[in-house]
Amino acid sequence: MKKIQFLSLALAAFALTACSDDDNTPNPAEEINGQYEGYAVTSSQYFSGMVAPSQTVSITATAVPGVVTVKYTSDTWGEIEIPEATVVATAGTYTITGSGTSRMGMGGNIKEYACELAGTVTSGVADLSFTCPGVMGGLTINFLQGDIPADIVVPGSYNGYTAASCQYFPQDMLAENQTVTIASESNGTYKVNFTSDTWGEFTVSGVKATTDDGGKTFTVSGEGTCQMGMNGNIKEYACTFAGTIDAAKEAPEFTFTVPSVMGGLTIEFKTGDMPAAE
């Protein structure tokens, strides 16, 4: 009888221990529960690398272990909800996958589209991709937590017009169909090229990019040279370059200054269409 009582007590203790172990099993959904601030880089069949700052994703653990609800609300891309995304933890990385819907449109014409989520949260940093196959030939929104790096915003080809002024011009001299290109250099700086039928060729290497608002706007500046002249008489002059680039690249502005030409030549570059002459 004593043996039977001992065996019963041992089984009961084992059952209690097993229940305790189950209660203490980490729930990966709860480990990544929270709100994530960052930016989005979006591509589709018609464009690539469109940056949207100040984006937010919320991940909320559900009552089911390993399952979360993911919501992404954006002034640019509407609302996306993945109601039952699966979370799997492996060596400190939480992999999230799931299906849901996106609501987006223009001019009040909002439609709902199927959307897929795939991404990770590693060391508390989220990297999530939302894919909407039925939007713009396949739209992918890559949400990245943290500040926007300069290499995502600054490089590119910028098309617009220039307005030049100097000591001898009674008013700004306008030139349309102008292009400024900015490329990354290996040392973390940038190279600017501006070739114009009107103003010659400008080259500025070692351009630095700085930001004080988390990458929403970058200030760029540097010194270089320009080749300009008339009737084949081309000379080289020192020039400076300065400007600003917003993350969405909606209104970048650049200024090239050549102090020793025409009493001080300033060429301002802006994107968009050239204004009509007054």
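Just the heavy atoms: all of them, side chains too, but no hydrogens, waters or symmetry mates, feed the values below.
Closest approach of N27 and G66 over heavy atoms only: OD1-N, 2.9 Å. Across every non-hydrogen atom of C239 and V204, the tightest pair is SG-CG2, 4.1 Å. Listed here is the closest heavy atom pair of V68 and A29: CG1-CB, 3.5 Å. When all heavy atoms are compared, the tightest approach of C132 to C115 is SG-SG, 3.6 Å. Across all their heavy atoms, V51 and P53 have their closest contact at O-CD, 4.0 Å. Across all non-hydrogen atoms, the minimal contact from S129 to N142 is OG-OD1, 3.2 Å.
Cluster partners of I110, using a side-chain heavy-atom cutoff of under 4.5 Å among ILVMFWY residues and allowing indirect links: none.
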In residues 152-170, what donor-acceptor pairs under 3.5 Å come from side-chain atoms, sequence neighbours left out?
residue	atom	partner	partner atom	Å
Y158	OH	V153	O	3.4
Y158	OH	V154	O	2.7
N159	OD1	T179	OG1	2.9

Listed pairs under 3.5 Å, donor-acceptor, residues 78-107 side chains, sequence neighbours left out:
residue	atom	partner	partner atom	Å
T93	OG1	T122	OG1	3.3
S99	OG	E116	OE1	2.8
S99	OG	E116	OE2	3.0

Report, one line per pair, each donor and acceptor closer than 3.5 Å where one atom sits in a side chain of residues 33-43; sequence neighbours left out.
residue	atom	partner	partner atom	Å
N33	OD1	A61	N	2.7
Q35	NE2	E37	OE2	2.7
Y36	OH	I32	O	2.7
E37	OE1	T56	OG1	2.8
T42	OG1	W77	NE1	3.1
S43	OG	G49	N	3.3

Report all side-chain donor-acceptor pairs from residues 188-198 shorter than 3.5 Å, counting only partners two or more places apart or in another chain.
residue	atom	partner	partner atom	Å
T189	OG1	E185	OE1	2.6
T189	OG1	N187	OD1	2.6
Y190	OH	D151	N	3.4
Y190	OH	D151	OD1	2.6
N193	ND2	T203	OG1	3.4
S196	OG	Q178	OE1	2.6
S196	OG	T198	N	3.0
S196	OG	W199	N	3.1

Donor-acceptor pairs under 3.5 Å, side chain of residues 260-270 to any protein atom, not counting sequence neighbours: which ones?
none

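Residues satisfying the side chain to side chain contact (heavy atoms under 4.5 Å, CB included) test with V125, not counting sequence neighbours, are Q145. Every residue meeting the side-chain hydrogen bond (donor to acceptor under 3.5 Å, both in side chains) condition with E236, not counting sequence neighbours, appears here in chain and number order: Q227. Residues that satisfy the side-chain hydrogen bond (donor to acceptor under 3.5 Å, both in side chains) test with T271, not counting sequence neighbours, are absent from this structure. Contacts of T140 classified as side-chain hydrogen bond (donor to acceptor under 3.5 Å, both in side chains), with partners at least two apart in sequence or in another chain: none.
Note that CG of L139 is 6.0 Å distant from OG of S44, once rounded to the nearest 0.5 Å. From Q55, atom CD reaches atom CD1 of I148 across 8.5 Å, with rounding to the nearest 0.5 Å. A distance of 7.0 Å separates CD1 of I141 from OG of S74, quoted to the nearest 0.5 Å. Taken from OG1 in T211 to CD1 in I245, the straight-line distance is 11.0 Å, to the nearest 0.5 Å.
Surrounding NZ of K71 are at most 12 heavy atoms belonging to other residues, nucleotides or ligands under 6.0 Å away.
Pairs passing the ring-ring contact (aromatic ring centres under 6.0 Å, His included) check and including a residue from residues 210-244, sequence neighbours excluded, read F241-F254, F241-F256. For residues 112-150, every residue pair satisfying the ring-ring contact (aromatic ring centres under 6.0 Å, His included) rule, not counting sequence neighbours, is listed here: Y72-F130.
No continuous path of ILVMFWY side-chain contacts below 4.5 Å connects V180 to M274, so the two sit in separate hydrophobic clusters. Hydrophobic clustering keeps L144 apart from M50 (ILVMFWY residues linked when any side-chain heavy atoms are closer than 4.5 Å, directly or through intermediates).
Side-chain contact between C226 and E201: absent, with no pair of heavy atoms (C-beta onward) separated by less than 4.5 Å. In this structure, the side chains of I182 and V207 stay at 4.5 Å or more apart for every pair of heavy atoms.
Between the side chain of D127 and the main chain of G119, no donor-acceptor pair closer than 3.5 Å is present.
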